[in-house]
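Below: the structure, in C-alpha cells.
Numbers here simply count residues along the sequence, with the first being 1. Numbering of ligands and ligand atoms starts at 1, following listing order.
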Amino acid sequence: MRRKCGLYKAAFKKYFPEGSLPFFASKALSYVGIYRIIADEGLGTDLVSPGELYTAQKAGFPIEKTCFHGNNKTDADIEYGVKAGIGHFVVDSEEELYALDRIAGGLGRVQNVLLRLTPGIDPHTFAAVNTGRIDSKFGSSIDTGAAERIVSEALTLKNVKLCGYHCHIGSQIFESEPFCRAAKIMLGFSRLIKEKYGYEAGIINLGGGFGVRYYDGQDEPDIDAFIREIADVINSFCAENGMKAPVIFMEPGRSIVASAGVTVYTVGSVKTIPGFRTYVSVDGGMPDNPRYALYSSKYTALIANKANLPCTEEYTVGGRCCESGDLIGEGMRMQSAKRGDILAVLVTGAYNYSMASHYNRIPKPPIVTVRDGADTLAVRRESFDDLTKNEL
Ligand SMILES: *Cc1c(COP(=O)(O)O)cnc(C)c1O
C-alpha cells in the first residue's frame, strides 16, 4: 500500500502542475488505520459517505485533503461535511448544488466544489462498474447539456465556489487511452465554458479505476507511464488551445490496496461430485468477499501450508453460507486440500472488507497489517456480542 502511494505521489510530482494530488478512494478499504497510512504517505482521500468521513476524522486525517462524493447526499450529510471542513464537495446533481449552497450559507461558509460530469465514455469494462456513460445514475452529462446547465447555475451561487470538474469513467481499466479520451473531453468542455461564461476550471479530477492484476495473464499498468501518457495529452491540449494546464486530481482505490491483501481461510470439507467437480468449503465466503457472487470476479488461491507443492487440483471454493452462489471462485487451480489446511486468496485488499456483510450472522474477520516483517492487529475480530449490540 505504501509503495503504491509512493508511486502515485512521485508520478504526480513529475508530470502534473503544483497542487495536483492523488486521492485514495477509501470505499475500496475503509477502517481507521488505513486513513493514518494514507495521511502518512501524503495522499488525499475520497469519501463517499458520512460513515467514511467519521472514520477518517477518528483517524485524525486532514479533512481539508478530502473529496466528498456520493450521488445522494442528504441534507444531514451535507451539513456534516461542510462543518467537518471537506476540501472539495463533488456535487452530483442540481438538487445537491442548491442544498449545499443553502446549507453552507446557513453556516456562514463558502464551500469549494467540483462538479461531477459524465463524459460519455465506455472504457469496455464490466457493465456494473462502468460509470462514465451517458446512461448513468452519476453526475451530469456533457452530451445532453446537463453539465453546462449545472455549471451556469453554480457560477451564480454565493456559498459554493466552483473549482473545477470531476469524472470517473469506470474500474479495472488497463490502458491509459480511456483516461486520455476523458481528459480531452473534460478539457474541451472547460474550453467551451471559458468561451461562453468566462470561467476556466482550475482543477480537473479524472477519477479512479486503474487496473489490478488478479490472475496470470493480466498485466498491471505501469503507474509512471500511465500518468505520463495522460499528462502528455493534457499538456498538448492546453498548449494548442491557449489554456493554463489545470491542477489534476485522480482517485485510485483498488490499485493502492488490492494487491496488499491476502484472505486466509481454513479448509473444512473437500467434496468430489463424480463427473462434475470438487468443492472445497472454507470458513468464510460471500460475507467477507462478495465479489464472485456480484461480478464473477476471478481470483488466485493457494494452499498456503503446501505452497511449495505443485498445483495439481482444480477446485470450486465455496463459503459457509446457506446459498449455492456463495462461491469464492470456480476452476481454481491449487495444491491438494484437506480439512485444516490454510487456503489463501490473493489480491483481496480492495472491495472485500469494505463490502463485507453479516449474512448468516457471520462475524467479520480481523485485519492484520504487516510491515517490514512485523504484524499489527488493525481491526479486531468481531464477537457474537458485536452482532447483537444494537438489538433491543
Ligand atoms: C470507486 C471510485 C473510485 C475508485 O475506483 P477504483 O477502481 O477502486 O480505482 C474513484 N472515484 C470514484 C468517484 C469512485 O466512485
Is E220 salt-bridged to K4, going by a charged N under 4.0 Å from an acidic O? yes
With heavy atoms only and a cut-off of under 4.0 Å, state how D46 meets ligand 1: side chain, backbone, both or neither. side chain
Taking the six-membered ring for Trp, are Y54 and Y80 closer than 6.0 Å centroid to centroid? no
Backbone N or O of V82 within a donor-acceptor pair of the Q111 side chain at under 3.5 Å? no
Give me the nearest non-hydrogen protein atom to atom 7 (O) of ligand 1 as residue plus atom name, then the distance to 0.1 Å. S171 OG, 2.3 Å
By number and element, which atoms of ligand 1 are closer than 4.0 Å to a non-hydrogen atom of G208? 9 (O), 10 (C), 11 (N)
Enumerated ligand 1 atoms positioned under 4.0 Å from heavy atoms of G209: 5 (O), 6 (P), 7 (O), 9 (O)
Region of R254 that comes within reach of ligand 1 [heavy atoms, distance under 4.0 Å]: both
Across all chains, not counting sequence neighbours, the side-chain contact (heavy atoms from CB on, under 4.5 Å) partners of T144 are I134, S141, A146
Sequence neighbours excluded, which residues qualify as side-chain contact (heavy atoms from CB on, under 4.5 Å) partners of A10? none
In ligand 1, which numbered atoms sit nearer than 4.0 Å to a non-hydrogen atom of R116? 13 (C)
Which protein non-hydrogen atom lies closest to atom 1 (C) of ligand 1, naming both residue and atom, and how far is it? K27 NZ, 1.2 Å
Need the ligand 1 atom indices (1-based, order shown) with element for anything under 4.0 Å from a heavy-atom of A25. 3 (C), 4 (C), 10 (C)
Can you report which non-hydrogen protein atom sits closest to atom 11 (N) of ligand 1, along with the distance? E251 OE1, 2.7 Å
Sub-6.0 Å ring centroid separation between H166 and H88: no
Any N or O of G253 closer than 3.5 Å to N or O of ligand 1: yes
Classify the side-chain pair Y353/T348 by whether it contains a donor and acceptor separated by less than 3.5 Å. no
Counting each atom of ligand 1 from 1 as listed, which ones have a heavy atom of Y351 under 4.0 Å away? 1 (C), 4 (C), 5 (O), 6 (P), 8 (O)
Donor-acceptor pair between R254 and Y214 side chains, under 3.5 angstrom: yes
